[in-house]
2 protein chains.
Amino acid sequence: MPSVVAINQRARSNEQKALRRQAVLTAAETYFLEVGFEAFSMAQLAKKTGLVKGTLYLYFKTREALFLTLYEQSLIRWSEVFISHLSGDMTSKAYAQMLYTTAMADGAFIPLLIRLEHVIEHNVAIASLIESKRVFQRQVAAIAAPTSTSLSLNAAQATEVVKTMGVLLIGATRSDQGPALDNEALPEDIQDLIGSFASEPLFVKNAVRIIEGIRAETGI
Amino acid sequence: MPSVVAINQRARSNEQKALRRQAVLTAAETYFLEVGFEAFSMAQLAKKTGLVKGTLYLYFKTREALFLTLYEQSLIRWSEVFISHLSGDMTSKAYAQMLYTTAMADGAFIPLLIRLEHVIEHNVAIASLIESKRVFQRQVAAIAAPTSTSLSLNAAQATEVVKTMGVLLIGATRSDQGPALDNEALPEDIQDLIGSFASEPLFVKNAVRIIEGIRAETGI
DNA sequence: TATATAAATAACCACTGGTCATTTATAGCT
DNA sequence: AGCTATAAATGACCAGTGGTTATTTATATA
């Protein structure tokens, strides 16, 4: 009764099935990091896993269901890293910078987050969607607690900061999602324009403005 | 020499071709508003225009090239409406509210804006991309000028406000892009969560924080 | 060792965006 | 008025997509 499922073996126990499912997810994440969301094909993923396309649909109802799971995992993973980097007393700038750095360091998190509502949530069972929202809610709470002490905010303020940071992160990192125009054949004015949307300062500066704005609203 | 191109006629002059191209764009926008980005198919669009799929590719190199043009047109259209609603002296809240309202009123603008970098720009000739960025730059400048007087900011601050508002708008309207779960069969905690991301207050509140943050940085 | 079960398969489906050799409307010339 | 060169329009075609399902087959159990 092997607990590891080799290729060409069948996953029969629940444990084996969970293992195979996770193996698919791991392969999917690697493949996703290679080719991105749009070029990601289920047939290719099947080849990478050594399974066949139809088998993948035994483990995930749709392509988007797979991505939703990938998103949940990356959200949890990033949250834990971010929380572990929060310290007792931080400036809003240090906090924002740490949030940005840890989020960017997780290659899958932002690209998945960015496509959540537009694409991923549109081809998923409602039950999965609800489950995903609950995971989100739980992670917001998990981050809000240390945020409250790090930034000396009350609980409601900390929760608002966390939620708002997510919103800002999505907007600010948009420029990183454009095509890779590695060749600097772009005219200078366009390079300047793109440069003025560099995601890191865009995020950090506005995160600070928002956090300080929330803090200032204390007594009102 | 008719200047209007009827169906089953051929567009030969440049003027006729431009007209037909615009007719395709108009049909595309209507169709887009009906079915959204993901369900939009070139074959269906062909049927709606009375042309044939291959003919569409005479006017647009790719599906995304069509969407890029639609985006440019909606950007210009919205800019003009927004500018026309700016007055000499506005609170940052009134300004933000007007920006949000006019942007939402244009059904195509935000859904296209949101997909610009992730999808649209990835299947378009570099020349078109550059052209599109120039249109963007021009509209930012066109909005920044009245913004400067409306909010009593200097030119650099006004430009930063305009650019940052775009970033925030994308993040804040994300929740509107989720699947239409009209049925209130959602559990209450999920409804509350979704409610806490209502795009309008999310945008307006944080826009004010950012504008006031930028204003406060004047003397530094 | 035989059998029931369900995991895995492979052929299949309708569809997609995009291409291109062929057809044909028509502007301009004789 | 009729001819011809041009290029707009067509439709058949392509490789690929996400997803389905009847069939095969590995394997736990009796």
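Throughout, protein chains are lettered first and strands after them, A, B, ... in sequence-line order, and every chain is numbered starting at 1.
Scanning residues 54-69 of chain A for heavy-atom distances under 4.0 Å to DNA chain C yields A:Gly54, A:Thr55, A:Leu58, A:Tyr59.
With sequence neighbours excluded, no residue forms a ring pair (Phe, Tyr, Trp, His ring centres under 6.0 Å) with B:Phe60. For the ring pair (Phe, Tyr, Trp, His ring centres under 6.0 Å) test, residues two or more places apart in sequence or in another chain that qualify with A:Phe82 are A:Trp78, A:Tyr95. Every residue was checked against the side chain to side chain donor-acceptor pair (under 3.5 Å) condition with A:Arg63, not counting sequence neighbours, and none meets it. Applying the ring pair (Phe, Tyr, Trp, His ring centres under 6.0 Å) criterion to A:Phe136, with sequence neighbours excluded, gives B:Phe197. For A:Thr30, there are no side chain to side chain donor-acceptor pair (under 3.5 Å) partners two or more places apart in sequence or in a different chain. Partners of B:Ser175 by side chain to side chain donor-acceptor pair (under 3.5 Å), not counting sequence neighbours: none found. For B:Phe37, the ring pair (Phe, Tyr, Trp, His ring centres under 6.0 Å) test picks out B:Phe67, with sequence neighbours left out.
Atom P of nucleotide D:dT20 and atom CG of A:Asn123 are separated by 9 Å, given to the nearest angstrom. The distance between atom NZ of A:Lys47 and atom C1' of D:dT17, rounded to the nearest whole Å, is 13 Å. Between the CD atom of B:Glu38 and the P atom of C:dG17 there is a distance of 12 Å, given to the nearest Å. Here the P atom of nucleotide C:dA10 and the CE atom of A:Met42 are 17 Å apart, to the nearest Å. The distance between atom CD of B:Gln9 and atom C1' of C:dT24, rounded to the nearest whole Å, is 14 Å. Atom pair A:Lys17:NZ and C:dT5:P shows a separation of 15 Å (rounding to whole Å applied). We find that CD of A:Gln16 is positioned 11 Å from P of C:dA7, with the value rounded to whole Å. Rounded to whole Å, atom C1' of D:dT4 lies 12 Å from atom CZ of B:Arg12.
Side-chain proximity of B:Ala11 to the nucleotides D:dG19, D:dA9, D:dT10 is greatest for D:dA9. Proximity note for A:Arg20 (side chain, C-beta onward) versus C:dT26, D:dT17, C:dA8: the nearest is C:dA8.
Side-chain contact between A:Leu116 and B:Arg174: present, with at least one pair of heavy atoms (C-beta onward) separated by less than 4.5 Å.
In this model, no side-chain donor or acceptor of B:Lys53 finds a partner on the base of D:dG11 within 3.5 Å.
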Checklist outcome for this item: DNA chain C in dot-bracket form (Watson-Crick or G-U pairs under 3.5 Å, [ ] crossing, | inter-strand) is ||||||||||||||||||||||||||||||
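Side-chain contact annotation: B:Glu72 with B:Gln139, donor-acceptor N/O pair under 3.5 Å absent.
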